[in-house]
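Counting from 1, the numbers follow the sequence of the chain as shown.
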Amino acid sequence: MKPEAHIEDIEFVPDRSLSLETGRIAKQADGSVVARLGDTMVLSTATLSDSVNESNFFPLTVDYREKFAAGGKVPGGFIKREGRPTDKETLTSRLIDRAIRPLFPDGFYHDVHVVNFVISAGQDFDADVIAGVGSSAALMLSGAPFAGPFAEVRVGRVDGDYIVNPTMQQTEESDIDLVVAGKEDALVMVEGEAEEISEESMIEALDVAHRSIRRLCEGQHRLVEQAGEPDPFEWEADRVPEQLVQRMREEYGPKVADHIHGPYSKETFHGGIGDLKDQAVDDVLGDASETPEGYTASDIRDAIGEVEKDEMRNMIVEEGKRIDGRDQTDVRDLWMEVGYLPRVHGSAIFTRGETQVLGSITLGTSDDVQPVDEVFADTDKSFYLHYRFPPFSVGEASYLRGPKRREIGHSMLAERALRPVIPEQDAFPYTIRINADVMESNGSSSMASVCAGSLALMDAGVPIEKPVAGIAMGLVQEDDETTVLTDILGQEDHLGDMDFKLTGTRDGITACQMDMKIEGLSRDVMLKALKQSRDARHHILDRMEETIAEPRAELSSHAPRLTKLTIDPDRIGAVIGPGGKVVKSVQEETNTEITVEEEEGVGIVTIAATNQRDAEAAIERIKQIVAVPEEGEDYVGTVKGIRDFGAFVEIMPEKTGLLHVSEIDYDYVENVEDYLEVGDKVKVHLLEVHDDGKMRLTRKPFVSEENGEQNE
């Protein structure tokens, strides 16, 4: 039986504490913790497999799920059971995964499954960073070979004051929203968005975060001490034998070095390394399946890979050169074009080296918003970006499937990068969708998506405040030597120690995402990477502004023209009509799309038309519908029905009054149809509007007493 332990009041900032408990629920997991902040509680579990996965990568799976019941809610839609993960759940799983992964040792290939269930959803605090702390504590209690603890916190800034784990209301008011993960001595992961903050402000936010992270890590140590140190998980490292690596270095090191120093393209580089691996396998094995020492073809290939990694890293650190010949701060060649697609509302191609993204813009109405149905959020999105990474972009033959976790993560990163410059709905009442399709990739297609999206927005005529660019920074750290790389290649990402993506305008940072492959990053190296990225970002912005300097003055001829009218909220029902009858008829008559909604006590009518004539016709019809008939005014109406006692005349859309038989003429009217027929236009005077809305009309003021004819 696992002992209970409860650590209360881990005060990570003054007057804000997090608690951890273990040993009460989920006791058959290797490690389980309930983390609580306010009324928000997360159950985090860690389970390890005894068997070794045969793949040569660390099989870590992190899942995060928000149960609607935790917030006293029922899922929207027809199915009342939670289904596939929402984007929020997928993104949170990635945030935790990226913090855990570099803290496991090389050669550990046992399956590790970390599960986070939100079991209570308070109104003040989101559960995502709480789940990060719980995941670390669960791993600490599991006995896993885990170089933790780590902790995750959110950092906001309201009126210049930094706030760690702000409330959801404070986050909305903040100009920074960063999720930071770190150990006691270094940071391991950063992701978030900001409203054009400086590099110095970014570092200050990270410093504030790290102080709280240290306190949360100390609390986890106390939890483990109180619960009792777990038995270490027994395992053996599955690494390439050092003797084989040394042999391959001696026999093939010069050939690998010559290849790495030679002319570069992605195809020739990987093809050449592949040829060297094939040659080594043939030379060492011949027709045998393994060597007398038990080395297989896979071992030999992996050993050549280790030689390649060492040669590339040494060239960068010792010679200051990279495999494509650039120095540490160079950005690859840039080429871009806007207006490439004739039928879409805006488009752009952005190419940086061998990475290329085709971006396109679709402008829609409020009917096209992305509905949000989550435990902690329910505000629909009027701006969203969809990133797609098809297999042909890296020369692979595979299947097209739904978006993977990586694609969802890159979509959100690029969306966050551009969100601060998107105009408010009051100024530009469109729903904006960006499609970012990767055409080819060799490093940081997400940052190319930001650049392509920014160019496409300007091509579409969206009045963004400023263009946004992005760049990916890398790192190679050997002993005491540290080299920061600008605009990393795919191979530099794979064999390097960091992938730090940064986006922004000329005036500051709008989004970032940092992943580490070593255990952490110092403050000084972080600041160097930030400043180096700023220079690269400005270089890219120079080229973007040469392509298109500002948003086009006119929208595409294919884009809808939106007009917004404000009406009395009491008149919304009149515009919609029973079962939508009225608004549908106006749409059909004017060839427009009309949405009607109430915002903050005001009725908003949005009219989407492809030309100004249709828009004006719809506007006039709406104005007629919402107008209120006034006693004493004259109207030209249409006869809608005839009865023995008079005629019903529509003087405004859906507003019909009674023209009594006594008000049709001065003389006695025996048969109404002798004077009026259905469909006739007739001028009438509004005598009275009753409390129940019924109207009494007269025709007499416009009829000559002598001839009984209506005067025009």
Should P467 and M458 count as side-chain neighbours, where that means a heavy-atom distance under 4.5 Å?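 They are in contact (side-chain heavy atoms under 4.5 Å apart), so the answer is yes.
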Between the main-chain N or O of K404 and the side-chain N or O of E407, is there a donor-acceptor pair closer than 3.5 Å? yes
Compile the donor-acceptor pairs under 3.5 Å between side chains in residues 188-196 and protein atoms, sequence neighbours left out, one pair per line.
unit_1, atom_1, unit_2, atom_2, d
E191, OE1, R98, NH1, 2.5
E191, OE1, R98, NH2, 3.1
E191, OE1, Q513, NE2, 3.0
E191, OE2, R416, NH1, 2.9
E193, OE1, R419, NH1, 2.9
E193, OE2, R419, NH1, 2.8
E196, OE1, K466, NZ, 3.2
E196, OE2, K466, NZ, 2.9
E196, OE2, T505, OG1, 2.4

Would you say S174 and T171 are linked by a side-chain donor-acceptor pair, where the criterion is simply a distance under 3.5 Å? no
Non-neighbouring partners of R406 that pass salt bridge (charged side-chain N to carboxylate O under 4.0 Å, His left out), sequence neighbours left out: none
Using the ring pair (Phe, Tyr, Trp, His ring centres under 6.0 Å) criterion, which residues pair with Y387? Sequence neighbours excluded.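 H410.
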Exceeds 12 heavy-atom contacts within 6.0 angstrom, atom NZ of K564: yes
Under the salt bridge (charged side-chain N to carboxylate O under 4.0 Å, His left out) criterion, do R405 and D63 qualify, and how do the steps go? CA-CA 11 Å; R405 283 187 171 191; D63 285 309; 2.9 Å; yes
Sidechain N-carboxylate O distance under 4.0 Å for E545, R506: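 Salt bridge present between E545 and R506.
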Taking salt bridge (charged side-chain N to carboxylate O under 4.0 Å, His left out) as the test, write out the residues that go with E589, two or more places apart. R621
Yes or no on salt bridge (charged side-chain N to carboxylate O under 4.0 Å, His left out) for K88 and D128, after CA distance, side-chain angles and deciding distance? CA-CA 9 Å; K88 159 72 181 306; D128 49 4; 5.0 Å; no
Thinking salt bridges, do R388 and D437 make one under a 4.0 Å N-O criterion? no
Donor-acceptor check, side chain of T590 to backbone of A618, threshold 3.5 angstrom: yes or no? no
Scan the side chains in residues 356-365 for donor-acceptor partners under 3.5 Å anywhere in the protein, sequence neighbours excluded, and list what turns up.
unit_1, atom_1, unit_2, atom_2, d
Q356, NE2, T351, OG1, 2.9
T365, OG1, D367, N, 3.2

Side-chain donor/acceptor of S136 to backbone N/O of G132, under 3.5 Å: no
Sequence neighbours left out, what passes side-chain contact (heavy atoms from CB on, under 4.5 Å) with A131? Give chain and number order.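 Expected list: V42, Y64, I96, N116.
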Pairs involving residues 412-433, ordered by first then second residue, that meet ring pair (Phe, Tyr, Trp, His ring centres under 6.0 Å) (sequence neighbours left out):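 Pairs touching residues 412-433 that pass the test: F428-Y430.
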Salt bridge (charged side-chain N to carboxylate O under 4.0 Å, His left out) contacts touching residues 590-599 (sequence neighbours left out): none
If I take atom CD from residue E173 and atom OG1 from residue T167, how far apart are they, to the nearest 0.5 angstrom?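 Answer for the CD-OG1 pair, E173 versus T167, is 7.5 Å.
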Which residue pairs pass the salt bridge (charged side-chain N to carboxylate O under 4.0 Å, His left out) test with at least one member in residues 604-620, sequence neighbours excluded?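 Salt bridge (charged side-chain N to carboxylate O under 4.0 Å, His left out) check on residues 604-620 returns no pairs.
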Sequence neighbours excluded, which residues qualify as ring pair (Phe, Tyr, Trp, His ring centres under 6.0 Å) partners of H210? none
Please check this pair: side chain of R433 against backbone of L385, looking for a donor-acceptor N/O pair closer than 3.5 Å.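 Judged by distance alone, no pair lies under 3.5 Å.
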Any chance you could lay out the side-chain contact (heavy atoms from CB on, under 4.5 Å) test for Q370 and F383, step after step, and finish with the verdict? CA-CA 8 Å; Q370 173 63 65; F383 166 64; over 6 Å; no
Applying salt bridge (charged side-chain N to carboxylate O under 4.0 Å, His left out), run through R157 and D161 and close with a yes or a no. CA-CA 5 Å; R157 186 173 68 176; D161 295 327; over 6 Å; no
S454 side chain vs C451 backbone, donor-acceptor pair below 3.5 Å: no
Salt bridge (charged side-chain N to carboxylate O under 4.0 Å, His left out) for E199 and R534? Distances and angles first, verdict last. CA-CA 8 Å; E199 285 72 19; R534 179 178 58 194; 3.1 Å; yes
By ring pair (Phe, Tyr, Trp, His ring centres under 6.0 Å) - contacts of Y162 (at least two apart):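 Checked Y162 against ring pair (Phe, Tyr, Trp, His ring centres under 6.0 Å); zero matches.
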Expected output: side-chain T503 to main-chain A511 donor-acceptor under 3.5 Å: yes
Are any of the side-chain heavy atoms of P85 and R65 separated by less than 4.5 Å? yes
Contacts of P391 that satisfy side-chain contact (heavy atoms from CB on, under 4.5 Å) - sequence neighbours left out: E396, S398, L400
Under 3.5 Å, side chain of K381 to main-chain N/O of P371, donor-acceptor pair present? no
Working to the nearest 0.5 angstrom, can you tell me the gap between R571 CZ and I625 CD1?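 Going from CZ on R571 over to CD1 on I625, the span is 9.5 Å.
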Are side-chain N/O atoms of H345 and D459 paired as donor and acceptor at under 3.5 Å?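 No - no donor-acceptor pair under 3.5 Å links their side chains.
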For S93 and E89, indicate whether the former's side chain and the latter's backbone hold a donor-acceptor pair under 3.5 Å. yes
Considering only heavy atoms from C-beta outward, does the side chain of I619 approach that of V605 to under 4.5 Å? no
